[in-house]
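Below you'll find the structure, written out as C-alpha cells, and then a few comments.
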Amino acid sequence: MPMQEIAAKIERKQLIEEYKFLSRLVEAGPEAFDRDAALRIMEEREKELLDEISYLKQKEASLVGGEYDRSLFDKNVLCEDSEIILRKPVDEDLEPYYLLKKEYALMKSSFANPEYKDKLWKEYLSEESLYYTVERKQDYVFLGYCGVKNLDRKIWEIAIEIKSDCCGRGYGYRALKMYLNTVADISKRREFSSRVDADNLASQKLMEKLGFQPYGLSEFLLHKEEDQLAAEEEYKDRLDERYMALAEKFHVEPRKLLSHVLEYRIIV
C-alpha cells in the first residue's frame with residue numbers, strides 16, 4: 001500500500017527534523033530564541049492567511065450565485081431513516097471520534113500529543129466544515145461521521161469514516177446518500193467531490209454505488225513533482241492488473257496512482 005508507506009516516511013522525516021531543531025535550540029541556549037520576533041512572524045502570516053480566506057470566500061460566493069443560509073443547518077438532527085440518524089456533534093462524541101480518527105490515521109505520531117485531541121475536536125466543530133455524527137437509532141451508538149471538509153471550496157469535498165467494527169452493514173451508504181440529498185436541497189449546490197486512496201477498495205465501491213464518477217487524480221501527501229516522481233519510481237513494481245484497470249477507468253498513467261489519490265465527482 002504505497003500511500004501508507006509514503007505517509008510513514010514523511011512522518012519519520014518530520015520527527016527527525018523536529019528532533020534536530022529542538023537539539024539546536026538546546027545547544028544554542030535560551031538567549032538564541034527571539035520570542036518577540038517569532039510572534040511577529042506568526043502574526044504576519046496569520047494576517048496573510050485571513051486575507052486569503054476572505055478573498056476566497058468572496059470569490060466563491062460570486063461563482064455559486066450567492067451565499068446560502070447557514071442557519072438552515074443548525075437544527076440538531078439533519079436527517080434520519082429507519083436505522084441511523086445524522087445529528088450535530090455532542091460532548092459525548094469526543095472520545096469515540098478521537099479513537100475513530102486514530103484508527104484510520106496514516107500518520108499516528110500526532111496522537112502522542114495530548115493537545116492533538118482538542119485540535120481534532122475543534123476541526124470537527126469548526127464553522128468552516130459541515131460534519132455530522134452518524135448514530136445508530138436502535139441503541140444510540142456512535143458509528144462515525146460524514147460531512148463537508150471545507151465550506152470555502154467551490155466544489156464541496158465529502159468525507160466519511162465509519163468504525164471498522166461497524167463497516168459492511170450499509171451504514172456508510174445510508175449516511176452519505178441521506179447527507180448528499182439533504183445538503184444539496186438546503187445549499188442548492190449539486191456537485192460534490194470525494195477523494196479515495198487507490199488501495200481503498202471498499203471506499204471506491206461505496207462511491208460508485210452512490211453514483212460518483214471517476215474524475216481524475218488529486219495530490220495528497222506529495223505536492224512537489226520531484227517527490228511524486230521519486231515515489232512512482234520506488235513503488236513501480238506494485239503496478240499489477242488491478243492498478244492498470246483502475247488507471248484505465250480514470251484515464252491516467254498507471255504510475256500516477258502511486259503518488260496521488262483518486263478523485264470522484266457526483267451531480268446530485
Side-chain angles (χ1 to χ4, degrees), residues 1-27 38 41-42 45 48-49 52-53 56 100-113 115-116 119-120 123 129 149-150 152-161 164 192-208 212-265:
M1 303 177 74
M3 202 55 67
Q4 289 187 354
E5 294 178 27
I6 290 170
K9 288 184 177 180
I10 293 175
E11 187 173 36
R12 285 196 297 272
K13 182 179 179 182
Q14 289 175 343
L15 290 172
I16 290 172
E17 289 177 350
E18 183 178 352
Y19 172 77
K20 289 180 178 178
F21 174 72
L22 292 174
S23 297
R24 288 197 298 270
L25 282 181
V26 171
E27 292 172 1
I41 293 172
M42 290 172 63
R45 182 56 182 150
E48 290 176 3
L49 290 173
E52 184 177 350
I53 290 171
L56 287 174
L100 176 63
K101 296 299 291 184
K102 186 175 182 179
E103 178 182 2
Y104 288 114
L106 288 175
M107 296 188 286
K108 299 185 186 295
S109 62
S110 299
F111 291 83
N113 182 355
E115 296 177 355
Y116 191 60
K119 179 178 182 294
L120 285 176
E123 290 176 354
S129 61
K149 289 184 174 183
N150 187 344
D152 292 330
R153 294 286 184 88
K154 179 182 178 183
I155 306 297
W156 283 356
E157 181 182 349
I158 300 297
I160 182 170
E161 286 184 321
S164 60
F192 298 88
S193 71
S194 183
R195 295 190 295 171
V196 178
D197 190 345
D199 288 314
N200 192 337
L201 302 182
S203 291
Q204 292 170 35
K205 290 179 180 178
L206 173 61
M207 291 299 110
E208 293 171 6
F212 280 81
Q213 299 297 318
Y215 185 80
L217 299 182
S218 178
E219 292 182 2
F220 183 51
L221 294 174
L222 303 174
H223 303 291
K224 295 182 179 179
E225 185 178 4
E226 57 264 35
D227 293 335
Q228 295 171 2
L229 293 174
E232 292 165 15
E233 180 64 24
E234 181 176 0
Y235 299 107
K236 63 183 179 182
D237 60 326
R238 308 288 181 88
L239 294 174
D240 55 17
E241 292 182 3
R242 187 186 68 80
Y243 272 97
M244 296 300 179
L246 196 58
E248 184 176 354
K249 181 185 292 186
F250 279 79
H251 306 290
V252 297
E253 295 180 39
R255 62 186 290 130
K256 293 298 179 183
L257 296 173
L258 302 172
S259 59
H260 293 71
V261 293
L262 309 174
E263 182 171 348
Y264 289 88
R265 292 281 180 95

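When a residue number appears, it is its place in the shown sequence, counting from 1.
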Which value, rounded to the nearest 0.5 Å, describes the distance between [X] atom [atom1] and [Y] atom [atom2]?
X	Y	atom1	atom2	value
S218	E157	OG	CD	7.0 Å
E233	K236	CD	NZ	3.5 Å
L120	L100	CG	CG	10.5 Å
S259	E253	OG	CD	9.5 Å
L239	L258	CG	CG	4.5 Å
I158	F212	CD1	CZ	6.0 Å

* Mind checking what makes salt bridge (charged side-chain N to carboxylate O under 4.0 Å, His left out) contact with K256, not counting sequence neighbours? ->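 K256 satisfies salt bridge (charged side-chain N to carboxylate O under 4.0 Å, His left out) with E232 only.
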
* Identify, with sequence neighbours excluded, every residue that meets salt bridge (charged side-chain N to carboxylate O under 4.0 Å, His left out) alongside R265. =>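 Here the qualifying residues are E191, E263.
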
* Asked: K108 side chain to K102 main-chain N or O, any donor-acceptor pair under 3.5 Å?
  ->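 Such a contact is found between K108 side chain and K102 backbone.
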
* Within the distance-only criterion (no hydrogens, no angle test), does the side chain of D197 pair as donor or acceptor with the backbone N or O of N200 below 3.5 angstrom? ->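 No.
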
* Asked: W156 vs F192 aromatic rings, parallel, tilted or perpendicular, using cut-offs 30° and 60°?
  ->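 Taking F192 first and then W156, their aromatic rings sit tilted (interplane angle of 30° to 60°).
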
* Do K205 and E208 sit within salt-bridge range, that is, some charged N less than 4.0 Å from a carboxylate O? ->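 Here K205 does not pair with E208 in a salt bridge, since their nearest N and O are not under 4.0 Å apart.
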
* salt_bridge(R242, D199) N-O dist < 4.0 Å ->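 Yes.
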
* Would you say V252 and L246 make side-chain contact, with heavy atoms under 4.5 Å? ->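 No; the side chains remain at least 4.5 Å from each other.
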
* To do: Would you indicate whether the side-chain heavy atoms of R255 and Y235 approach each other to under 4.5 Å?
  =>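 Contact flag for Y235/R255 side chains = no.
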
* When you look at L217 and V261, which way does the side-chain contact (heavy atoms from CB on, under 4.5 Å) test go after all the steps? -> CA-CA 6 Å; L217 299 182; V261 293; over 6 Å; no

Looking only at heavy atoms, which two atoms of [X] and [Y] are closest? And how far apart?
X	Y	answer
Y116	S110	CB-O, 3.3 Å
A247	P254	CB-CA, 3.6 Å
L257	A198	O-CB, 4.1 Å
V196	Q204	CG1-CG, 3.7 Å

* Can we call the ring centroids of F250 and Y264 under 6.0 Å apart? ->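 Close enough - the centres of the two rings lie under 6.0 Å apart.
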
* Donor on one side chain, acceptor on other, E123 and S129, under 3.5 Å ->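 Judged by distance alone, the side chains do not pair up.
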
* Asked: For E103, does the CD atom have more than 12 heavy-atom neighbours from other residues, nucleotides or ligands under 6.0 Å away?
  ->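 Buried by this count: over 12 neighbours within 6.0 Å.
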
* Just wondering, are more than 12 heavy atoms of other shown residues or ligands nearer than 6.0 Å to OH in Y215? ->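 No, OH of Y215 has 12 or fewer neighbouring heavy atoms, counting only those of other groups under 6.0 Å.
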
Sequence neighbours left out, cut at 3.5 Å: what donor-acceptor pairs do the side chains of residues 221-231 make with other protein atoms?
unit_1 : atom_1 : unit_2 : atom_2 : d
H223   : ND1    : E219   : OE1    : 3.1
H223   : NE2    : F220   : O      : 3.1
Q228   : NE2    : L222   : O      : 3.1

